[in-house]
Protein chains: 2
Amino acid sequence: MAPEKRNAFVKQARLLKALAHESRLLIVDRLSRGECSVGDLRELVGMDLSTVSKHLALLRAHGIVADRRQGTTVYYRLITPCVSNFFTCANQVLKERSR
Amino acid sequence: MAPEKRNAFVKQARLLKALAHESRLLIVDRLSRGECSVGDLRELVGMDLSTVSKHLALLRAHGIVADRRQGTTVYYRLITPCVSNFFTCANQVLKERSR
DNA sequence: CGAATACATGGCAGATTGGCCAAAAAGGAA
DNA sequence: TTCCTTTTTGGCCAATCTGCCATGTATTCG
């Protein structure tokens, strides 16, 4: 297989991996409805603040979210909104699988 | 959050995780163009046969592929073809991200 | 300045993953 | 049966992931 084509799969795998976690999906889903502070996301996810912060750092490193500081509060937002399509896509597979 | 809604994210995360690997994406992509023997997939992926077999077992356990034995050869096929939509979806995100 | 708030980061432990090798299974052919 | 081919499984190890705790950093307030 051509190296550049193979590389496309590597990039796709990295992206899927970045999303393949319950907490991160929760976060992405929440952010798809508008930006949100880390504290609010922590409440949503229900884990330690440091854990949530690391999930956010991972999403940021993959270019999925971006942050904005306002005073001591940091707000995150989706910068690739089409990432929400993954939910539709996944649900379709889950539905087809259950038949 | 409601337990059943939360559970949906758990299932989605499991599915994404099952796909989030270069070799498994290669396999799914190949199978989306028709069924294929393990040996052929091994050639495509370029790893040990046992490794490929384990990737296939994982995909099967997640209801993504199914197998059929013919003599000593085992053929795999996609049983949730819409899983290919993930490629479209991922490429869209990757494209949006690069802008 | 110091104290408080809101996040991020470093470090560590336990669990999971992904690879190879060797051995077992399952069929088919002789 | 025995041998050969194809695939699966078990074992092992190195690497990665994910959580919490403790600490560090940035900002605001008094």
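Order of the sequence lines sets the chain letters (A, B, ...), proteins ahead of strands, with each chain counted from 1.
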Problem - Within-4.5 Å side-chain heavy-atom neighbours: I64(B) and L78(B) - result: yes
Handout entry: Sugar-phosphate only, base, or nothing, as touched by Y75(B) at under 4.0 Å among non-hydrogen atoms
Key = nothing
Fill in the blank from the handout: Rounded to the nearest 0.5 angstrom, the CG-CG distance for D67(B) and L59(B) is 11.5 Å
Completion exercise
S37(A) meets the side chain to side chain contact (heavy atoms under 4.5 Å, CB included) criterion, sequence neighbours left out, with D40(A), T73(A), Y75(A)
Practice task
Kindly indicate whether the side chain of T51(B), heavy atoms from C-beta on, has any atom under 4.5 Å from the side chain of S23(B).
Solution key: no
Handout entry: Residue closer to the 5' end of DNA chain D, T73(B) versus G71(A) (nearest nucleotide)
Key = T73(B)
Exercise for the section: State whether the distance check finds a donor on one side and an acceptor on the other, under 3.5 Å, for side chain T72(A) versus base dC7(C). Expected result: no
Practice task
Report yes if the side chains of K11(B) and N7(B) come closer than 4.5 Å at any heavy-atom pair, otherwise no.
Solution key: yes
Handout entry: DNA chain C-proximal residues of residues 16-32 of chain A, any heavy atom under 4.0 Å
Key = none
Exercise for the section: Would you give the length of the straight line joining atom CZ of R24(A) to atom CG of L31(A), rounded to the nearest 0.5 angstrom? Expected result: 13.5 Å
Problem - Partner of I27(B) by side-chain contact (heavy atoms from CB on, under 4.5 Å), out of V38(B), L41(B), L19(B) - result: L41(B)
Handout entry: Contact boundaries on DNA chain D for chain B, cut-off under 4.0 Å to non-hydrogen atoms
Key = dT5(D) to dG11(D)
Exercise for the section: For the pair R30(A) (side chain) and V45(A) (backbone), establish whether a donor and an acceptor sit closer than 3.5 Å, ignoring hydrogens and angles. Expected result: no
Handout entry: Sugar-phosphate only, base, or nothing, as touched by S37(B) at under 4.0 Å among non-hydrogen atoms
Key = sugar-phosphate
